Amino acid sequence: MDFFEKYKILKQEKIKEKPKVIVVGRSNVGKSTLIRLLTGNKKVRVGKRPGVTLKISEYDMGGYILVDMPGFGYMAGIPKKVQEKIKDEIVHYIENNYKNIAAAVHIIDAKSFCEIVERWKDKEIPIDIEMFDFITELKISPILVVNKMDKIKKNKWNETLDKICSYFKCSPPWRQWKFIIPAILKRRYGLEEIKKMIYERVELFNKLRG
Ligand SMILES: Nc1nc2c(ncn2[C@@H]2O[C@H](COP(=O)(O)OP(=O)(O)OP(=O)(O)O)[C@@H](O)[C@H]2O)c(=O)[nH]1
Ligand SMILES: [Mg+2]
């Protein structure tokens, strides 16, 4: 095989690289819980304390690669330096792979997200908003999973989701934004909708990529 043939094969392989779906969010929001449900892999560690996942892991889902990420932002018991290093790794991974990323599943904890935003209002841009802006600026299609809705009273769901929606600079009602999915992942609530949306995004990505 001469050089050019080899080059052609390498080029084709590059084109055929499977699209990636990344799962991002602060520590302890339920990223690994979702990865476990999607892959059925019991070896994926899930934990009560923040900072359980410290490495980026990729899972081959057949049609796409699912990527579990460590949490960004404050983690009790983890030195600040390590937290910053983790955030840099996440940002670098996204920057190096964005052309192959079909969707970013961004998970937030409904209650603590609102508390953090309200506490730091006018003082600091919340890291979740920063990450969401970063992802959308790279033209990566977001899927915003508002998890742990079991901590919100049922009659407050709409109000809370509208509030969250406006924090992400999208005008309410939240239902008009197809990418916002309320969930209780520990009870599999919202899982089917997330699966469907991932599937649609991967399909669309493949179609556009040709
Ligand atoms: N109340 C409630 N707890 C949940 C829900 N989903 C997951 N959890 C719990 O939240 C904790 C954290 O879950 P993980 O999936 O490990 O979170 P993670 O985002 O991967 O955390 P890191 O790896 O530390 O970044 C676990 O104790 C889960 O059982 C939910 O819908 N409601
Ligand atoms: Mg994890």
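Since we're looking at a predicted model, the values are computed, not measured. Just follow the structure's listing: the first ligand is 1, and inside any ligand the first atom is 1.
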Q: Does any N/O atom on Met69 come nearer than 3.5 Å to any N/O atom on ligand 1?
A: no
Q: So, is Arg45 polar-close to ligand 1, with some N/O to N/O distance under 3.5 Å?
A: no
Q: Considering only heavy atoms from C-beta outward, does the side chain of Ile180 approach that of Phe168 to under 4.5 Å?
A: no
Q: Check each of Leu37, Thr33, Asn147 against atom 13 (O) of ligand 1 and report the one with the nearest heavy atom.
A: Thr33
Q: Counting heavy atoms only, which of Lys148, Lys55, Arg36, Lys151 comes nearest to atom 9 (C) of ligand 1?
A: Lys148
Q: Set out, in order, the CA-CA distance, both residues' side-chain angles and the distance that settles side chain to side chain contact (heavy atoms under 4.5 Å, CB included) for Tyr98 and Ile135, then state yes or no.
A: CA-CA 9 Å; Tyr98 78 97; Ile135 286 166; over 6 Å; no
Q: Give a yes or no answer on whether the side chain of Trp174 reaches the backbone of Glu159 with a donor-acceptor pair at less than 3.5 Å.
A: no
Q: Give the atoms of ligand 1, by number and element, whose distance to some non-hydrogen atom of Gly71 is under 4.0 Å.
A: 25 (O)
Q: Between Pro126 and Tyr167, is there a side-chain heavy-atom distance shorter than 4.5 Å?
A: no
Q: Within ligand 1, which atoms have a heavy atom of Ser32 less than 4.0 Å away?
A: 15 (O), 18 (P), 20 (O)
Q: Taking both backbone and side-chain atoms into account, decide whether Ser27 has an N/O/S atom under 2.8 Å from the Mg ion (ligand 2).
A: no
Q: Could you check whether any side-chain heavy atom of Ile65 comes within less than 4.5 Å of a side-chain heavy atom of Glu17, counting everything from C-beta outward?
A: no
Q: Considering Arg187, Arg188, Lys186 one by one, which has a heavy atom nearer to atom 5 (C) of ligand 1 than any of the others?
A: Lys186
Q: List every atom of ligand 1 that sits less than 4.0 Å from any heavy atom of Lys31, numbering the atoms from 1 in the order shown and giving each element.
A: 15 (O), 17 (O), 18 (P), 19 (O), 20 (O), 21 (O), 22 (P), 25 (O)
Q: Can you tell me which portion of Leu34 lies within the under-4.0 Å heavy-atom range of ligand 1? Options are side chain, backbone, both, or neither.
A: neither
Q: Quick one: does any side-chain atom of Glu58 pair with a main-chain N or O of Lys20 as donor and acceptor, under 3.5 Å?
A: no
Q: Would you say that Glu89 contacts Phe72 through its side chain, given a criterion of any heavy-atom pair below 4.5 Å between the two side chains?
A: no
Q: I'd like to know if Lys18 and Asp60 make a salt bridge, using a cut-off of under 4.0 Å between side-chain N and carboxylate O.
A: yes
Q: Under a 3.5 Å distance rule, please check whether Lys87 uses its side chain to pair with a backbone N or O of Gly73 as donor and acceptor.
A: no
Q: Is there a polar contact, in the sense of an N or O pair closer than 3.5 Å, between Val46 and ligand 1?
A: no
Q: If the cut-off is 4.0 Å to any non-hydrogen atom of Asp150, which atoms of ligand 1 fall inside it?
A: 1 (N), 2 (C), 30 (C), 31 (O), 32 (N)
Q: Is Gly30 in polar range of ligand 1, meaning some N or O pair under 3.5 Å apart?
A: yes
